[in-house]
Q: 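After the structure tokens below, expect a handful of questions from me.
Protein chains get the first letters and strands the later ones, always in sequence-line order, with residue 1 at the start of each.
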Number of protein chains: 2
Amino acid sequence: MPLFRIATYNVNSIRSRLHIVIPWLERNRPVVLCMQETKVSDDLFPADEFRKIGYHVVFRGGKKGNGVAVAAPETPREVKFGIDDGKEPCEDRLITGIFGGVPVINAYAPQGFKMQAPQFQFKLEWYGRFREILSRRFSPKGRLVVCGDLNVAPEPIDVHNPKRLLGHVDFNPEIWKEFEELKKWGLLDLFRKHHAGEAGRFTFFDYRIPGTVERNIGWRVDHILATKAMAGKSVRCEIDMAPRLAEKASDHTILFADFEI
Amino acid sequence: MPLFRIATYNVNSIRSRLHIVIPWLERNRPVVLCMQETKVSDDLFPADEFRKIGYHVVFRGGKKGNGVAVAAPETPREVKFGIDDGKEPCEDRLITGIFGGVPVINAYAPQGFKMQAPQFQFKLEWYGRFREILSRRFSPKGRLVVCGDLNVAPEPIDVHNPKRLLGHVDFNPEIWKEFEELKKWGLLDLFRKHHAGEAGRFTFFDYRIPGTVERNIGWRVDHILATKAMAGKSVRCEIDMAPRLAEKASDHTILFADFEI
DNA sequence: GATGTTGATG
DNA sequence: CATCAACATC
């Protein structure tokens, strides 16, 4: 039974992170790699670098930061960008499609600036619109994997200092509720399936603060969620610190899950 | 008799050109390297990189582009920046001092935008003020080397297309006159001493035009001039294309002269 | 602090 | 086209 790996990585500029992403793909050969914050418009996306190593890549980005991409060895099917509900589609935040035969969503949730700001309301609304797409395009009874930087640390054990950080846009009751609704729809948090109750396991370490990695000052805001059908096949979900250790500019780590299909 | 090399290089940002400048200094060990367009304010000048390889460096730059620096293995003496005639001193365009025992001037002449513009008048005036400093601080009977990007191609053989370029701020009768006056004061053009009449020997290749190096589409606007006392000791004056070939962003070459002291 | 963007310069 | 400054985002 071949290894079936699905991974997510907030790259913080794909052009500045190619030397990390490409070797990682070559060594790990995942069935899907979801990327966020590619920070490049489509005409400048370095698709050739992925093709050279036998990966297809779909992507959507503009000039406003953000940007998402999904790389896969097989040609993806039914690829859609953004939310088609008549409002601002935010194509640079969402890709859905079938990758390696498995329905996959790559999501980059808005960060939200601060709770008092309109950006935070936009974040909450985005979660609602995201779940609509989920319901409309997929079934909780089918196979689905949701990957991405969801800009939420769901529990106190998911941040280094829950007391001080309460009220942060990624750590407050309102965003927890949105995340809960997502799970209620029919998604399991694969990291927690394999690491229940483990505190201090983080996917993000702010590089503006010195020594965050050494002192384990981080956040678990990148996630791989899956429907029962897929979660039942997952055998492992781990955080790969290598990119974060390689250079601080990569402040997110790679999160991956392995499945037995 | 040790090699006594004096060189000039318009670096187009010293911070972006360190990987060229530092190895060049290590390999060539010049007594003086004059640099122009360092494009860095003094608080950010990478002086440590020069110290590490045993070079002193004096520099002056602001936030307006420009910026000059001189590197030398020995501690320089009598270093002065700019023109102290009561007008705008332009400290980021001129360094005078004694480097390795030899009086040296590093000059970055104003480019002049276009002949009709006030910037061109400023360029002509700058040349006059420059000669005043020359007369006041040095003697044509003594030793002196003047290096720099003087933004003048003195003769038709110093540009690739004299017909079409006539009237350019670096190639016109008015700026030729200023350059002539400089020589009349008592300076010899060392490149022409060793390469009299040779056409198509350039120190600058515009990187906005593709293939300038291959097609030899250039300008000779960087110069090493010397008083009789120093010119008599010069044995060689050459253009080092290596930096220009290494990366197009370095659109000037390194010009150097060797002396037997 | 490490990435973008825009607009200005040569 | 490659730099800079300024600003904006995470």
Q: Strictly below 4.0 Å, N to O, side chains only: are B/Lys52 and B/Glu49 in salt-bridge contact?
A: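 A salt bridge is present here (some side-chain N lies under 4.0 Å from a carboxylate O).
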
Q: Determine: side-chain N/O of B/Lys248 to OP1/OP2 of D/dA2, distance under 4.0 Å, yes or no.
A: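 Result: yes.
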
Q: Between D/dC10 atom P and A/Arg208 atom CZ, what is the distance in whole Å?
A: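 Nearest whole value for this atom pair: 10 Å.
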
Q: B/Asn66 CG to C/dG10 P: how many Å, rounded?
A: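 Spelled out: CG on B/Asn66 to P on C/dG10 is 9 Å.
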
Q: Residues of residues 166-173 of chain B with any non-hydrogen atom less than 4.0 angstrom from an atom of DNA chain C: list those, numerically ordered, please.
A: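 Output list: empty, so none.
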
Q: Does A/Lys183, at its NZ atom, have more than 12 non-hydrogen atoms belonging to other residues, nucleotides or ligands within less than 6.0 Å?
A: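 Yes, enclosed.
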
Q: Without decimals, in angstroms, what is the distance between A/Leu44 CG and D/dC1 P?
A: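 Rounded to the whole Å, the gap is 12 Å.
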
Q: Can any side-chain N or O of A/Lys64 pair as donor or acceptor with the backbone N or O of A/Asp92 at less than 3.5 Å?
A: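 Between the backbone of A/Asp92 and the side chain of A/Lys64 there is no qualifying donor-acceptor contact (under 3.5 Å).
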
Q: Starting at CZ of B/Arg17 and ending at C1' of D/dC4, how long is that distance when rounded to a whole Å?
A: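 Computing the B/Arg17:CZ to D/dC4:C1' distance gives 13 Å.
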
Q: Contact class for A/Lys39 vs. all strands (heavy atom < 4.0 Å): base, sugar-phosphate, or nothing?
A: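 Contact class for A/Lys39: base.
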
Q: Using the six-membered ring wherever Trp is involved, compare the ring planes of A/His168 and A/Trp219 and label them parallel, tilted or perpendicular (cut-offs 30° and 60°).
A: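 Judged by the thresholds at 30° and 60°, the geometry between A/His168 and A/Trp219 is tilted.
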
Q: Send over the distance from A/Phe205 CZ to C/dG1 P, rounded to a whole Å.
A: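 Distance check: A/Phe205 CZ to C/dG1 P gives 19 Å.
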
Q: I need the CZ-P distance between A/Phe122 and D/dC10, as an integer number of Å.
A: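 Rounded to the whole Å, the gap is 11 Å.
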
Q: Which label fits A/Phe171 and A/Trp176: parallel for a plane angle under 30°, tilted from 30 to 60°, or perpendicular past 60°?
A: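 Geometry flag for A/Trp176 against A/Phe171: perpendicular rings.
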
Q: Measure from CG on A/Asp206 to C1' on D/dT9 and round the result to the nearest Å.
A: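 Between C1' of D/dT9 and CG of A/Asp206: 12 Å.
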
Q: Using a heavy-atom cut-off of 4.0 Å across all strands, would you classify A/Lys64 as base, sugar-phosphate, or nothing?
A: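 The residue A/Lys64 makes no contact with any strand.
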
Q: Does the side chain of B/Glu37 pick up a donor-acceptor pair with the side chain of B/Asn12 at under 3.5 Å?
A: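 There is no such pair (donor and acceptor under 3.5 Å, judged by atom type) between the side chains of B/Glu37 and B/Asn12.
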
Q: Using atom CD of B/Glu37 as one end and atom C1' of D/dA2 as the other, report the distance to the nearest whole Å.
A: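 Taking CD of B/Glu37 and C1' of D/dA2, I get 11 Å after rounding.
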
